[in-house]
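Below is one structure, written out as structure tokens; comments come after it.
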Amino acid sequence: MSKVNMLGRRNFIKGLGAAGAVMAAPAMAASVNAKGVKWDETVEIAIIGSGFAGLAAGIEAARQGCKSVTIFEKMPVFGGNSAINGGLFAAPQTPMQKEKGVEDSVDRMVNDGLKAGRGIADEALLRHVASHAMEALQMTIDAGAVYHPYLQQLGGHSVPRTYQTTVSCGAGITQPLLGECRKLGVNMVPRTKFKGFILDDAGKVVGVRLNQGYYFEDEDAGVEKEINVRATRGVIMATGGFAQNVDLRMAQDPTLTAEVGCTNAKGATGEGMFEMFRLGAIPVHMAHIQSGPWASPDEGGFGYVSNYSIFNFPHSIAVNRMTGKRFMNEIADRKTRADAELACRDAEGKPLPPIMITSYEHAKQHPNCKKVLKYGVGWKFDSLEALAKHFDVPLKPLQEQVEEYNGYVKTGNDEQFGKNMGKAKGKYLKAPFTVVRLWPKVHYCQGGVQINTKAEVKDSFTGKRIEGLYAAGEVAGGMHGVSRLGSCSIPDCMVMGMTAARSIMGA
């Protein structure tokens with residue numbers, strides 16, 4: 001491929017129907033040719049981003065014999081958005097499933113993902129991740145991650161297959177992985193913002209341009225120095241999604257305005273993805289942006305309610321405050337539930353966040369229950385009468401709904417919405433109750449650059465890979481289709497990060 005083709009691609013996205021991505025892109029210098037470039041540093045592998053994907057790539061690269069691998073992070077701390085996610089990890093055929101008597105398989109996990117993807121998920125990528133998910137989970141355990149001694153069955157999963165860290169957040173994984181990176185000699189550099197790629201005459205990515213001394217949202221605070229880093233083996237982009245880029249969100253879905261909450265870290269703005277698009281990467285599924293149906297309007301970000309809700313949905317009911325009745329399958333896939341919640345409106349059509357009702361006896365089994373009550377983002381009631389009065393819910397329909405649902409718990413068959421009642425067995429709704437309000441928040445971008453099962457970034461003009469360039473995690477799109485199943489992000493990120501490192505090292 002000629003240098004002109006690779007370096008002259010500033011407007012290709014418009015022709016692909018994604019002009020919004022260009023319009024929303026922050027000012028950024030274009031990628032440059034390596035001729036005349038003064039190299040400030042040389043490494044074998046340069047990894048951009050220090051979340052699950054970047055850390056897993058660093059560890060695997062070192063284990064595969066890479067002598068010089070550096071992870072560059074634009075924020076002042078490592079872990080990225082991964083550090084504040086829910087710490088939920090799905091994998092089939094795990095030791096805990098065997099211990100609990102849960103029958104699962106790679107095919108079953110893939111089929112669950114395909115169903116949620118509504119016909120446009122990438123089966124090859126889903127299968128690659130499911131096939132290596134246990135291996136990635138073991139990497140976290142070997143590094144020191146600790147999980148609760150029970151499995152969860154999240155929405156859209158046909159069986160319980162989800163582990164969760166004991167700290168109930170992603171830091172329970174990123175911190176051990178960070179320690180393992182340092183133990184293996186992976187170099188870690190914070191406050192370093194990616195600016196662009198450096199290419200050779202054939203169009204191969206041979207390095208990156210970076211700004212050191214970068215201060216997010218306060219660029220004048222630091223003394224930035226632009227450096228050119230040569231990557232003799234390749235560059236792995238693990239820069240995450242763009243959920244905090246409101247302009248780009250709205251270009252894809254005009255309803256996702258700044259008024260819509262977001263669970264992501266503020267650094268999730270998509271610069272690395274933009275530059276790969278400019279280089280020629282194929283944008284895929286950009287309009288599919290997922291909102292978390294377990295979020296609360298009463299707290300910022302991911303908060304305490306999210307993990308509390310995820311744990312309790314299987315044995316709780318979600319109730320429309322106008323009717324006092326259930327309105328959804330509480331463990332359907334994320335899009336189904338988010339759409340159902342957004343349809344909960346008052347008589348004037350204004351948002352009326354629904355409530356999730358759980359028996360305190362069962363709710364308190366999750367460590368976040370105490371925090372939800374302590375910080376006033378959840379409530380405890382001794383009776384349905386008190387609950388109904390507080391939230392202005394019609395009492396009689398609510399009482400009838402609770403009685404009806406308890407019948408489903410007894411029979412194991414949800415006649416209203418077909419909810420899988422396996423995790424609700426014996427868990428009747430009875431006082432005292434805990435209640436949280438629900439309202440979706442932007443959580444995950446299914447869209448990004450297209451990759452193959454080797455984590456190679458595909459070229460929009462040739463359909464082949466862009467030499468020297470790899471991507472892993474949320475920055476890569478197309479795997480999950482319309483809706484990603486909960487707890488599948490961490491295995492996606494880690495498996496594809498490991499895969500990128502193996503592809504570079506020829507393993």
Residue pair S168 / N307, side-chain donor-acceptor N/O under 3.5 Å: no
Ring-face cation of R191 near F216 (centre distance under 6.0 Å, axis angle within 45°): no
Pair E226 + K195: basic N to acidic O under 4.0 Å: no
Charged N-O contact under 4.0 Å between K193 and E275: no
D107 versus S105, side-chain donor and acceptor atoms under 3.5 Å: no
H157 (side chain) donor-acceptor with G486 (main chain) under 3.5 angstrom: yes
R118 and D333 ion-paired at < 4.0 Å: yes
Spacing of CD1 belonging to I45 relative to OH belonging to Y470, to within rounding of 0.5 Å: 8.5 Å
Interatomic distance, N312 atom CG to N368 atom CG [nearest 0.5 angstrom]: 10.0 Å
Residues K458, E456: salt bridge by 4.0 Å N-O rule: no
Expected output: side-chain N264 to main-chain H443 donor-acceptor under 3.5 Å: yes
is_close_aromatic(W294, F311), centroid dist under 6.0 Å: no
R484/D492 salt bridge by N-O under 4.0 Å criterion: no
Cationic tip of R249 above F242 ring, under 6.0 Å, 45° of axis: no
Spatial distance of atom CD (E341) from atom OG1 (T336) [nearest 0.5 Å]: 11.0 Å
Sole residue of H288, Q290, K115, Q446 in side chain to side chain donor-acceptor pair (under 3.5 Å) with S483: Q290
Minimal non-hydrogen separation, S82 against T174, with atom names: CB-CG2, 3.7 Å
Aromatic ring pairing Y147/F89, orientation class (parallel under 30°, perpendicular over 60°, tilted between): perpendicular
Check ion pair D459-K464 (N to O, under 4.0 angstrom): no
Between R108 and S158: side-chain donor-acceptor atoms closer than 3.5 Å: yes
Expected output: side-chain T263 to main-chain F302 donor-acceptor under 3.5 Å: no
Ion pair R127/D122, N-O distance below 4.0 Å: no
Y375 and Y304 aromatic centres sub-6.0 Å: yes
Residues K74 and E271 bridged, charged N to O under 4.0 Å: yes
Whether H366 and Y308 hold their rings parallel, tilted or perpendicular, with breakpoints at 30° and 60°: perpendicular
